[in-house]
Amino acid sequence: MKSDLERLIADTLASLPADLIPQPVDRSWISVERTRDAQHGDFASNIALRLAKAAGRKPRELAEAIVAALLPHAAVLRAEVAGAGFINFFIAADAQSEALRQALTQGATYGESRSGAGQRVILEFVSANPTGPLHVGHGRQAAWGATLANLLRATGHAVHREYYINDAGRQVDILTASVWVRYLQQCGEAIAFPDNGYRGDYVQDIGARLKGAHGASLQRPASEVLAGLPPDAPAGGDREKYVDALIERMRALLGAGYDTVLELSLADMLTDIRADLAEFGVEFEQWYSERSLSGSGAIERALAQLEAQGNLYRKDGATWFRASAFGDDEDRVLTRANGQHTYFAPDLAYHYDKRQRGFEKLIDVWGADHHGYIPRMRGGITALGEPGDSLEVCLIQFVSLFRGAEKIPMGKRDGQFVTLRQLRGEVGNDACRLFYLMRSHDQHLDFDLELAKSRNNENPVYYIQYAHARVCSVMKQLQSRALPYDDATGLAQLPRLDLPAEQAVLTAISRYPEVVEQAARNRTPHALVHYLRDLANAFHSWYNAAPFIVEDTALRNARLTLALGVQQVVRNGLTLLGVSAPETM
RNA sequence: GCGCCCGUAGCUCAGGUGGAUAGAGCACCGGCCUUCUAAGCCGGUGGUCGCAGGUUCGACUCCUGCCGGGCGCGCCA
């Protein structure tokens with residue numbers, strides 16, 4: 001409807017004399033938006049205000065001329081000038097109910113569009129290190145990324161969801177050493193846990209599984225393990241140096257056994273993460289291993305290309321990328337003096353690989369603390385000959401947990417963080433996903449566990465679900481009274497829906513495709529949550545204002561048709577959010 | 001010090017590429033169940049949109065400078 005009206009205005013403007021309107025009018029100047037107030041009609045355009053200066057006339061005068069010359073359109077009941085020079089459009093009732101017709105005939109696909117058709121998007125999200133269970137911050141990224149993927153699909157994009165597994169590098173070695181120390185402790189060895197190790201209980205669990213699978217075959221005397229190691233932090237030493245030395249010692253003592261510990265630890269963590277996300281309704285087309293990049297030579301190829309272009313240089317024994325020549329604040333190390341790659345090297349090769357796989361748009365969902373990493377990655381992609389704007393990074397702000405007014409401390413150092421699994425277990429998947437998605441991604445999120453758990457009217461989750469359940473309940477009631485519902489009659493009788501509350505519901509239903517479109521385009525899943533609340537509100541108001549199951553067969557069918565339309569749209573919207581639409585509550 | 005994000009009602013937050021009297025939930029006050037689920041509805045109280053300038057016919061929205069909060073500035077990831 002919006003684009004119909006914009007076209008109508010464009011055609012009308014073109015028909016006006018050039019001495020009134022400077023021709024041609026830039027199409028992007030013409031925009032139609034929903035009105036806030038029903039008194040202002042259904043849609044409004046500010047075109048007269050925008051053209052006033054160029055035309056050298058008063059906005060209202062221009063608006064009058066445009067309205068007078070307005071070409072006829074079946075959906076437009078009337079247009080009038082208001083305020084400073086707005087043109088308000090009143091839509092014919094028949095056109096208003098067209099959206100409801102579509103909602104019912106299209107069913108689960110109502111709201112979908114083709115605006116992103118042909119665009120191949122790879123959406124990388126979560127990609128948490130497999131060195132510990134997912135925490136509540138990852139949960140927000142998971143819910144947000146999954147919903148953005150749904151929105152992009154709904155608007156025609158070809159979306160590939162991917163999780164990048166950081167299964168190479170030092171963090172994995174530290175996990176391996178942590179597991180081994182726990183295992184040795186469980187074997188009875190007197191060995192202190194490294195200060196820089198992963199302290200969570202899950203490490204104990206993996207150590208126990210290691211013991212179960214390999215018995216004492218990986219056990220070494222504490223004296224051999226510790227002999228000659230530098231002091232750890234508690235003894236006045238350096239925790240980084242100590243853990244690195246411990247890893248080296250472990251390699252020396254275990255040989256191939258090192259990889260046994262590493263593989264088991266990694267597999268355990270990934271199994272846990274995959275299951276956690278799957279239970280949360282978050283799926284990926286592909287889990288992409290960082291290690292596979294070195295195996296395939298992709299990192300070396302990317303480095304060679306940068307080298308050939310003169311964008312690499314050596315300094316202090318390390319290999320640097322001239323990031324400062326591509327918009328970053330300073331140059332960045334790709335290969336350390338010890339010969340090992342930094343995190344950046346494989347990650348850049350990975351993003352280059354995404355382009356090589358044919359994706360036009362690379363959307364990354366990152367925690368807000370990684371914002372400083374963006375210029376580096378974009379610079380690297382640009383240097384490799386790919387368009388810098390093919391990379392789009394969505395930063396997700398942090399989550400704070402509250403129990404009522406009390407903030408829950410999240411100490412990362414001692415592994416005392418709340419896991420996503422704990423959160424889901426306490427508040428449930430539905431509340432969890434909706435609460436995660438209620439706020440804008442660039443807004444810090446205060447997540448109140450008490451509120452999310454509450455089964456009363458304070459909890460916004462139920463408000464939306466209740467609208468769906470209410471319609472189901474009405475249909476059941478109809479059945480129990482042995483009354484038929486006839487959709488053909490209902491659709492034919494839609495003009496009977498003339499109550500203000502009914503018009504409000506019709507309008508809300510017709511807005512849905514626009515909301516999906518906009519939420520996808522602006523990367524604002526939270527807009528869909530707010531819309532669904534509005535739709536539920538319009539429905540609940542109507543429900544209280546008029547009975548649906550009435551004697552008048554024509555009116556009854558018309559009302560039930562509208563109610564079923566609400567049910568369909570609520571279900572479609574909740575599905576995009578990954579929230580269930582229960583039939584009873 | 002530099003960079004990114006945020007600052008809107010008592011609390012938590014919405015406010016299309018600038019547009020009409022700044023909205024919602026919760027909290028608070030007052031109404032509505034012999035009728036389809038009251039997890040609901042209706043009405044009311046509540047605002048210098050952090051502060052100060054600037055651009056504009058018009059600024060919560062754009063620009064500059066401050067103030068306050070969060071995050072980041074590794075040969076960590």
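Letters A, B, ... mirror the listed sequences (proteins, then strands); counts begin at 1. Just so it is clear, the structure is predicted and the values come from calculations on it, not from any experiment.
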task: Carefully, step by step, assess A:D442 and A:L395 under the rule side chain to side chain contact (heavy atoms under 4.5 Å, CB included).
output: CA-CA 7 Å; A:D442 56 14; A:L395 296 174; over 6 Å; no

- request: Just do the salt bridge (charged side-chain N to carboxylate O under 4.0 Å, His left out) check on A:E64 and A:K58 with the steps written out, would you?
  value: CA-CA 10 Å; A:E64 297 286 0; A:K58 291 189 170 136; over 6 Å; no

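- Here A:N88 lies in heavy-atom contact (under 4.0 Å) with a base.
- What separates OH of A:Y531 from P of B:G15 is a distance of 17 Å, to the nearest Å.
- Using a 4.0 Å heavy-atom cutoff across all strands shown, A:H40 reaches at least one base atom of the nucleic acid.
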message: What does the B/S/- profile of nucleotides 32-39 of chain B look like, 5' to 3', with a 4.0 Å heavy-atom cutoff to protein?
response: ----BBSB

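- Heavy atoms of A:D37 sit under 4.0 angstrom from at least one base atom.
- Straight-line distance between the P atoms of B:G54 and B:U17: roughly 26 Å, to the nearest whole Å.
- Within 4.0 Å of A:K476, counting heavy atoms only, lies no atom of the nucleic acid at all.
- Anti is the classification of B:G7, since its glycosidic angle lies more than 90° from 0.
- For the pair A:R376 CZ and B:G72 C1', the interatomic distance rounds to 11 Å; values are reported in whole Å.
- For the residue pair A:T561 / A:R496, no side-chain donor-acceptor distance below 3.5 Å is found, with atom types taken as modelled.
- Spacing between atom CD1 of A:I87 and atom C1' of B:G19 amounts to 14 Å, rounded to whole angstrom units.
- Taking atom CG of A:L49 as the reference point, atom C1' of B:A59 lies 15 Å away to the nearest angstrom.
- Comparing atom distances between the A:D369 side chain and each of B:G16, B:C71, B:A77 picks out B:C71 as nearest.
- One interatomic measurement links the two molecules: NE2 of A:H526 to P of B:A24, which rounds to 17 Å at whole-angstrom precision.
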statement: Scoring nucleotides 6-13 of chain B by protein non-hydrogen atoms under 4.0 Å (B base, S sugar-phosphate only, - none) yields S-----BS

message: For a side chain to side chain contact (heavy atoms under 4.5 Å, CB included) check, start with the C-alpha distance between A:E330 and A:R332, then their side-chain angles and the critical distance, and finish with the verdict.
response: CA-CA 6 Å; A:E330 48 189 293; A:R332 305 293 177 178; 3.6 Å; yes

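- Rounded to whole Å, the C1' atom of B:C28 lies 23 Å from the corresponding atom of B:C33.
- The residue A:F344 sits apart from the nucleic acid: no heavy atom pair falls under 4.0 Å.
- No contact: A:R332 has no heavy atom under 4.0 Å from any strand.
- Using the six-membered ring where Trp is involved, A:F539 and A:Y543 have ring planes that are tilted, between 30° and 60° apart.
- Using a 4.0 Å cut-off, no side-chain N or O of A:S31 falls inside it from OP1 or OP2 of B:U17.
- Between A:F447 and A:Y436, the ring planes lie perpendicular to each other; the angle is over 60°, past the 30° to 60° tilted range.
- In this entry the distance linking CG of A:L434 with P of B:A24 reads 19 Å, nearest Å.
- At a threshold of 4.0 angstrom between heavy atoms, the contacts of A:K2 include nucleobase atoms, whether or not backbone atoms are also involved.
- The NE2 atom of A:H341 sits 16 Å away from the C1' atom of B:A77 (whole-angstrom rounding).
- In this structure, A:Y163 and A:W287 have parallel ring planes: the angle between them is below the 30° cut-off, well short of the 60° mark.
- As the counterpart of B:C51, B:G65 is assigned, both hydrogen-bonding distances of the Watson-Crick or G-U wobble pattern falling under 3.5 Å.
- The glycosidic torsion of B:C33 lies within 90° of 0, placing the base in the syn range.
- Side chain to side chain, A:E162 and A:Y350 meet the donor-acceptor criterion of an N or O pair below 3.5 Å.
- Contact annotation for A:Q171: backbone-only contact, meaning every heavy-atom pair under 4.0 Å involves sugar-phosphate atoms and none involves a base.
- With no hydrogens or angles considered, a side-chain donor-acceptor pair links A:Q171 and A:Y198 at under 3.5 Å.
- Ring geometry for A:Y164 versus A:Y288: interplanar angle of 30 to 60°, hence tilted.
- Residue-level contact check: A:A84 touches neither bases nor backbone, having no heavy atom under 4.0 Å from any strand.
- Under the Watson-Crick and G-U wobble criteria, each requiring two contacts below 3.5 Å, nucleotide B:C2 is paired to B:G72.
- Dashed line: the shortest gap from a side-chain N or O of A:R34 to OP1 or OP2 of B:A20 is not under 4.0 Å.
- The 12-atom threshold is not exceeded at CD of A:E406, counting heavy atoms of other residues, nucleotides or ligands nearer than 6.0 Å.
- Across all strands shown, B:G44 is found opposite B:C28 as a Watson-Crick or G-U wobble partner, with both distances under 3.5 Å.
- Within the 4.0 Å cut-off from OP1 or OP2 of B:G19, not a single side-chain nitrogen or oxygen of A:R50 is found.
- Residue-level contact check: A:D316 touches the bases, meaning some heavy atom is under 4.0 Å from a base atom.
- Rounded to a whole Å, the CG atom of A:L51 is 16 Å from the C1' atom of B:U56.
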